[in-house]
Amino acid sequence: MKTKYFKLVSICLVSLFLLSSCLGDLDTLPLDDNELVGEKVYSTPEGYIGVLAKCYASLIQTGQKGGDGGNGDVPGIDEGYSGYTRALFYLQEACTDEIVFHSGGSHGSLSLLYMNWDPSTKIICYSYYRLYMAINYCNEFLRESTEGKLKDRGVYDALQAEMPYYRAEARFIRAYCYSMICDLYGSGPFIDETMDVGTIPHQKTRQEIYDYVVSETEELTTLLKEPKRNEYGRVDRVSAWFLLARVYLNAETWVGKNEYTNAYKYAKKVITEGNYPLASDYRHIFLADNNTCSEIIWPLVQDADYAQSSAGTNFLIKALMNGPMDSYVKTGVGSRGWGNARVKVALVDKFDEADQTFYENDPWGDNKKDKRAQFFTIGHTKETWVEGKAFQKTFENGYACIKWRNVTKDRKELVDGGTKYSSVDLPMFRTADAYLMAAEAILRGAAEGTRAEALGYVNEIRDRAYMSGNYGDGVSGRITDGQLNLDFILDERAREMNMELVRRTDLIRFGKFTKGYNWDWKGSSDGEVGTYVGKDVNDKYKLYPIPQDEFTTNPYLTQNPDYQK
């Protein structure tokens, strides 16, 4: 099924080469269609498909050449760092109880570790510019795919059947991007395809962006293709249901509105009507042939030959492992691991002690109870610190994570010695998350659903993790009603969803990001001796600041509270 997708990518690279110079600037102004060589790009149906492919690829690729080979999408930023999913990993994982990231100090990764960033911290801006770049790609596609323009260019007959779906998909990607602006930065400039060229966009409030995302995505539930009717790598209605469940679940945090009934409604639709059943083995979700995995609703597609970048799962695999580990567990990238991120004690301790250790004769953890406990411990200390010393940029201080592997589910490498880049698709949305969202919404007071139902959802996830019940004859990991509470849900989300770009959002929603729960190096005085134990920090860190450079080009912007000079 990946074959069709990579045909789209090939078209995308040819078509968008013509667009890269004018779509590649950083500012968030609407793009001038007079600057585009539109008759070349849009003269054929394939050109339109190429631009749509770029809307998708902008969230996983870094430039026009692939493999960080120059001509990056975002000028002025190291191309490898500029990839959206890599940038999002820093903002969603490196500042939480899951990961110590010790390289890239000049970009500001240590500020995330210590939770002391400010508007000038480089790494804060990468997701912001990527999101607005993707929004502008989508706006460009929507502006150029009206019925009138299709007819003027002589491509209407060829595209009329599929174009409504193409346009709905571009609108979905844009809505997703605005949901992340709402989550990460709270507010920001608003641009759509109707804005006059040259108009400086005004800033919308968090409430206004939230309302837009909800309204747009609700409409898309009837405009996208029905479940499982689209090509692999493209979204359908289930993605809209999932996005609504996530946005509604966070509504109280984002805009002070109780929407747990709607969160439950859409999460349950994903579970019961989506046709994306849980995978039979948790580990199969994160492998090189996960395009065959039943539960991935929206994947960002990668391939070692045709979709190369230092973002996505290539980053996740290499950052979380180093080269020597390949002699113990096949990473699928050989000795090419970078070894610049390790797991915090707080995450390790969410698993039973017996499951925490890696054994050389059991590299897949088959003998563990909870198969999600995917840590590499040989030669590593559990602690991410050295007693009596300041912060050490040493990969062996803290366990490594082997959740992502560029090998197939029959446990074979794609080629002997591994490939240079990853072929593991990145699951943006998957069904297990919907199970946990539905359970959480019930516990938070959704008007529908029962505690018994919530318990059933959680235990279904744990059955799969332990390969018990319908998933095998493993030791049961089921919990009782007395054990089910919101704290358990938060910990279960860490066990199930770690390294999947949601942890910061989860911690904020549960009121445990800035205060009341501490972890390795949180609030540290820049890694000084004895500051590894963690402490409460200012609540302003629940939002990232709008990048400082934006204020030089847009006079209508207001900085987030407590970041203003």
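Below, all heavy atoms of this structure are taken into account, side chains as well, without hydrogens, waters or symmetry copies. Quick caveat: nothing in here was measured; it's all calculated off a predicted structure.
- Asp536 places a side-chain N or O within 3.5 Å of a backbone atom of Gly516 that can act as its donor or acceptor partner.
- The heavy-atom pair separating Arg464 from Ala432 by the smallest distance is NH2-CB, 3.6 Å.
- Ring geometry for Phe315 against Trp338 counts as tilted: the plane angle lies between 30° and 60°, on a 0 to 90° scale.
- For the residue pair Val247 and Ser179, the shortest heavy atom distance occurs at CG2-CB, 4.1 Å.
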Go through Trp385 and Val345 one step at a time and tell me if the side-chain contact (heavy atoms from CB on, under 4.5 Å) criterion holds.
-> CA-CA 10 Å; Trp385 60 86; Val345 172; 3.9 Å; yes
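- The environment of Lys515 atom NZ is dense: over 12 non-hydrogen atoms of other residues, nucleotides or ligands sit within 6.0 angstrom.
- Donor-acceptor pairing under 3.5 Å is lacking for the side chains of Tyr282 and Glu295.
- The pair Asp281-Lys409 does not meet the salt-bridge criterion, since no charged nitrogen lies less than 4.0 angstrom from a carboxylate oxygen.
- In this structure, CG on Asn136 lies 10.5 Å from CZ on Arg174, to the nearest 0.5 angstrom.
- For the pairing with Phe358, the ring-ring contact (aromatic ring centres under 6.0 Å, His included) check across Tyr399, Phe376, Phe375 returns one residue only, Phe376.
- Between Lys382 and Glu353, none of the side-chain N atoms (NZ, or NE/NH1/NH2) sits under 4.0 Å from a carboxylate O, so this pair counts as no salt bridge.
- A cation-pi arrangement, defined by a distance under 6.0 Å to the six-membered ring centre and an angle within 45 degrees of its axis, is absent between Arg405 and Phe286.
- Distance check, rounded to the nearest 0.5 Å: CD of Gln308 to CG of Asn314 gives 8.5 Å.
- Residue Thr253 comes nearest to Arg206 through the heavy atom pair O-NH1, 4.1 Å, listed as atom of the first residue, atom of the second, then distance.
- Here Tyr544 pairs with Trp117 under the ring pair (Phe, Tyr, Trp, His ring centres under 6.0 Å) rule; sequence neighbours left out.
- No side-chain donor-acceptor contact under 3.5 Å links Ser309 to the backbone of Thr62.
- Between Ile123 and Leu112 the shortest heavy-atom distance is CG2-CD1, 3.6 Å.
- At a threshold of 4.0 Å, the pair Glu93-Arg503 does not count as salt-bridged, since none of the basic side-chain nitrogens sits closer than that to a carboxylate oxygen.
- A distance of 10.0 Å separates CG in Asp183 from CG in Leu91, rounded to the nearest 0.5 Å.
- Ion pair Asp433/Arg493 flagged as a salt bridge, since at least one NZ, NE, NH1 or NH2 atom sits closer than 4.0 Å to an Asp/Glu carboxylate oxygen.
- Side-chain contact between Ile124 and Tyr185: present, with at least one pair of heavy atoms (C-beta onward) separated by less than 4.5 Å.
- A side-chain donor-acceptor contact under 3.5 Å links Asn459 to the backbone of Ile479.
- Looking only at atom types and distance, the side chain of Asn250 has no donor-acceptor partner in the side chain of Thr505 under 3.5 Å away.
- Side-chain atoms of Ile60 and Thr85, non-hydrogen and from C-beta on, do get closer than 4.5 Å to each other.
- Residues Tyr264 and Tyr260 place their aromatic rings such that the two centres sit no closer than 6.0 Å.
- Contact annotation: the side chain of Gln559 approaches that of Pro119 to within less than 4.5 Å [non-hydrogen atoms, C-beta and beyond].
- Although no hydrogens or angles enter the test, the distance criterion places no donor-acceptor pair under 3.5 Å between the side chain of Thr313 and the main chain of Leu426.
- The closest donor-acceptor contact from the side chain of Asp370 to the backbone of Arg372 lies under 3.5 Å.
- Ring geometry, Tyr541 versus Tyr563: the interplanar angle exceeds 60°, so the pair is classed perpendicular (tilted spans 30 to 60°).
- Side chains of Ser335 and Asp326 form no contact here, defined as non-hydrogen atoms less than 4.5 Å apart.
- With hydrogens and angles ignored, the 3.5 Å screen pairs a side-chain donor or acceptor of Glu98 with a backbone N or O of Met499.
- Proximity of Asp425 to Val301: side-chain heavy atoms (C-beta onward) are separated by under 4.5 Å at one or more points.
- Shown here for Phe429 and Ser239, the closest heavy-atom pair between the two residues is CE1-O, 3.5 Å.
- Exactly one of Tyr56, Phe172, Trp241 qualifies for a ring-ring contact (aromatic ring centres under 6.0 Å, His included) with Trp298. That residue is Phe172.
- At a threshold of 4.0 Å, the pair Lys350-Asp491 counts as salt-bridged, since one of the basic side-chain nitrogens sits closer than that to a carboxylate oxygen.
- With a 6.0 Å cutoff to the six-membered ring centre and a 45° limit on the axis angle, Arg509 does not count as a cation-pi contact of Tyr248.
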Ser82/Arg130 under side-chain contact (heavy atoms from CB on, under 4.5 Å): CA gap, chis, key distance, verdict | CA-CA 7 Å; Ser82 75; Arg130 265 291 170 187; 3.6 Å; yes
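- Within a 6.0 Å radius of NZ in Lys393, no more than 12 heavy atoms belonging to other residues, nucleotides or ligands are found.
- To the nearest 0.5 Å, the span separating CG on Asp520 from CD on Glu383 amounts to 9.0 Å.
- For the pair Arg504 and Tyr90, the cation-pi criterion (under 6.0 Å, within 45° of the ring axis) is not fulfilled.
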Before giving the answer on side-chain contact (heavy atoms from CB on, under 4.5 Å), spell out for Phe101 and Asn340 the whole-Å C-alpha distance, their side-chain angles and the decisive distance to 0.1 Å.
-> CA-CA 6 Å; Phe101 206 93; Asn340 47 15; 3.8 Å; yes
Leu113/Lys344 under side-chain contact (heavy atoms from CB on, under 4.5 Å): CA gap, chis, key distance, verdict | CA-CA 11 Å; Leu113 174 64; Lys344 287 176 178 169; 3.8 Å; yes
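- Relative to the six-membered ring of Tyr421, Lys318 meets both conditions, a distance below 6.0 Å and an angle of at most 45° to the axis.
- Proximity of a side-chain donor or acceptor of Asn322 to a complementary backbone N or O of Gly339 within less than 3.5 Å is not detected.
- For Tyr178 and Glu216, the side-chain atoms include no donor-acceptor pair closer than 3.5 Å.
- Separating the OG atom in Ser127 from the CG atom in Leu88 is a distance of 5.0 Å, to the nearest 0.5 Å.
- At distances below 3.5 Å, not a single donor-acceptor pair connects side-chain atoms of Thr217 with backbone N or O atoms of Leu244.
- Listed for the Arg336 side chain is a donor-acceptor partner under 3.5 Å among the backbone atoms of Val333.
- The shortest side-chain heavy-atom distance between Pro277 and Thr431 does not fall under the 4.5 Å cut-off.
- The main-chain N or O of Leu59 is never found under 3.5 Å from a side-chain atom of Gln61 such that the two would form a donor-acceptor pair.
- Using a cut-off of 4.0 Å between Lys/Arg side-chain N and Asp/Glu carboxylate O, Asp562 and Lys542 are scored as not salt-bridged.
- In summary, Arg411 and Asp366 engage in a salt bridge, as defined by a charged side-chain N under 4.0 Å from a carboxylate O.
- Note: Tyr81 and His107 have parallel aromatic rings, judged against thresholds of 30 and 60 degrees for the angle between ring planes.
- Counting only heavy atoms from C-beta outward, the side chains of Tyr457 and Leu436 never approach each other to under 4.5 Å.
- Tested against Glu496, the residues Arg430, Arg462, Lys403 include a single salt bridge (charged side-chain N to carboxylate O under 4.0 Å, His left out) partner, Arg430.
- The closest side-chain heavy-atom distance from Trp254 to Glu259 is not below 4.5 Å.
- Residues Gly523 and Met115 come closest through the heavy atom pair N-CB, 4.4 Å.
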